[in-house]
Amino acid sequence: MEYFAVIERRQSIRSFRAKEVEAEKLQAILQCAQAAPSAGNLQAYRILVVKNPEGKRALRRAALDQEFIDQAPVVLVFFQDQPRSASKYGGRGSGLYSIQDATIACAYAQLAAAALGLSSCWVGAFHPEPVARLANGPAGLVPIALLPIGYAAEKPERTGRRPSGEVLAWESF
Ligand SMILES: Cc1cc2nc3c(=O)[nH]c(=O)nc-3n(C[C@H](O)[C@H](O)[C@H](O)COP(=O)(O)O)c2cc1C
């Protein structure tokens, strides 16, 4: 799908069909996530792929019981890797770059899913501790986003955007 069409196609979907996400598509999504730019090319993030029902239920519980989370066939959990970025960039790495690295990777994954005819919803409302426990990873891995992915079972109205005049500023020299 052409880039601008992908941007247009993506919208948050909060109801998924039972149809599985094909392994090749999941692989392509993860590859796109890894193609994202990152500070110093440190790729200071981790991605946990959750497909088993128990894991997805735990994510749903941690995320204020948003029910579409365990309805999706697959949920990606994005973590910032604070120590990895801090090793080169100190506080700016742990406090900013690793968040940005993980965020960009998640955005790439979301657009890749859209390009493949899949849908998703970025989830930021969750309690980080239980999600971090689920990952069972080293200290310093902080979950920053959940991305449930699947085939849409709804076609919601498009959300609007603020007028560009409110968001953009054109500096005149
Ligand atoms: C940082 C962030 C956190 C979000 N958290 C949630 C969430 O917890 N639950 C949810 O249903 N949607 C969540 N969303 C999705 C937004 O509600 C959605 O992107 C926004 O309303 C614009 O709609 P659109 O994605 O369809 O363009 C989140 C999006 C972002 C970027």
Side-chain angles (χ1 to χ4, degrees), residues 1-18 21 25 29-30 32-39 43-51 53 55-82 85 93-135 141-168:
M1 212 185 282
E2 199 253 337
Y3 178 75
F4 292 96
V6 173
I7 297 284
E8 228 170 83
R9 186 186 176 279
R10 189 216 60 81
Q11 67 176 142
S12 295
I13 291 296
R14 298 178 179 87
S15 178
F16 297 99
R17 288 158 53 195
V21 172
K25 289 194 177 185
I29 290 167
L30 295 170
C32 280
Q34 277 209 270
S38 62
Q43 302 150 65
Y45 58 83
R46 292 276 273 269
I47 307 170
L48 177 69
V49 182
V50 182
K51 292 175 82 174
K56 288 188 294 180
R57 266 197 302 276
L59 290 174
R60 169 181 165 165
R61 276 197 301 274
L64 321 182
D65 207 29
Q66 299 184 71
E67 56 191 41
F68 59 88
I69 292 173
D70 66 338
Q71 199 187 47
V74 56
V75 184
L76 303 183
V77 187
F78 289 81
F79 297 82
Q80 61 171 140
D81 187 339
Q82 291 185 322
S85 200
S94 55
L96 178 64
Y97 293 163
S98 55
I99 296 177
Q100 292 178 328
D101 287 0
T103 302
I104 301 166
C106 185
Y108 272 42
Q110 191 169 39
L111 289 174
L116 292 166
L118 290 154
S119 294
S120 66
C121 183
W122 191 297
V123 174
F126 58 83
H127 298 289
E129 298 83 6
V131 176
R133 268 199 303 278
L134 192 81
L141 283 191
V142 180
I144 59 110
L146 312 179
L147 194 67
I149 299 174
Y151 287 93
E154 63 168 359
K155 202 172 179 332
E157 289 280 303
R158 292 271 160 188
T159 52
R161 291 298 182 263
R162 293 161 64 192
S164 55
E166 273 187 18
V167 178
L168 305 177

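When a ligand or atom number is given, it counts from 1 through the structure's own listing order. What you see is a predicted model; the values in this text were computed from it and never measured. Worth knowing before you read on, the calculation uses all heavy atoms, side chains too, and leaves out hydrogens, waters and symmetry mates.
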Legend entry - E67 atom CD: more than 12 heavy-atom contacts under 6.0 Å: no
Inset, instruction - Counting heavy atoms only, name the option from F68, F126, W122 that's nearest to atom 3 (C) of ligand 1. - result: W122
Legend entry - A125: numbered ligand 1 atoms lying under 4.0 Å from its heavy atoms: 8 (O)
Inset, instruction - Give the residue and atom name of whichever protein heavy atom lies nearest to atom 7 (C) of ligand 1, and the separation in Å to one decimal. - result: Q66 OE1, 3.6 Å
Legend entry - Validation row: Y45, I104 side chains within 4.5 angstrom (heavy atoms): no
Inset, instruction - Taking only heavy atoms of Q11 into account, list the atoms of ligand 1 that are under 4.0 Å away from them. - result: 26 (O)
Legend entry - Close-contact set for ligand 1 against C121 heavy atoms, below 4.0 Å: 10 (C), 11 (O), 12 (N)
Inset, instruction - May I ask you to test the F126-L64 pair for a side-chain heavy-atom distance under 4.5 Å? - result: no
Inset, instruction - State, with a plain yes or no, whether a side-chain heavy atom of L111 is found less than 4.5 Å away from one of C32. - result: no
Inset, instruction - Mark yes when over 12 heavy atoms from residues, nucleotides or ligands other than R46 sit less than 6.0 Å from its CZ; otherwise mark no. - result: no
Inset, instruction - Mind checking the CD-CD spacing from Q80 to Q100? Nearest 0.5 Å is all I need. - result: 10.5 Å
Legend entry - Under 3.5 Å: donor-acceptor pair, side chain of D101, backbone of A39: yes
Legend entry - Test item, Q110 contacting ligand 1 (heavy atom, 4.0 angstrom): no
Legend entry - Backbone or side-chain N or O of V123 under 3.5 Å from ligand 1 N or O: no
Inset, instruction - Report, in ascending order of atom number, the atoms of ligand 1 lying under 4.0 Å from any heavy atom of G124. - result: 3 (C), 4 (C), 5 (N), 6 (C), 7 (C), 8 (O)
Legend entry - Min heavy-atom dist R158 to ligand 1 below 4.0 Å: no
Inset, instruction - Using a distance threshold of 4.0 Å (strictly less than), state whether atom 20 (C) of ligand 1 has a protein heavy-atom neighbour. - result: no
Inset, instruction - Just jot down the ligand 1 atoms closer than 4.0 angstrom to any heavy atom of R14, in number order. - result: 10 (C), 11 (O), 12 (N), 15 (C), 16 (C), 17 (O)
Inset, instruction - Write out the residue and atom name of the closest protein heavy atom to atom 26 (O) of ligand 1, then the distance separating them to 0.1 Å. - result: S12 N, 2.8 Å
Inset, instruction - For residues W122 and T103, determine if any side-chain heavy atom of one lies less than 4.5 Å from a side-chain heavy atom of the other. - result: yes
Legend entry - I29 side chain near L76 side chain, heavy-atom distance below 4.5 Å: yes
Legend entry - Atoms in ligand 1 flagged as close to T159, the criterion being non-hydrogen separation under 4.0 Å: 22 (C), 23 (O), 24 (P), 26 (O), 27 (O)
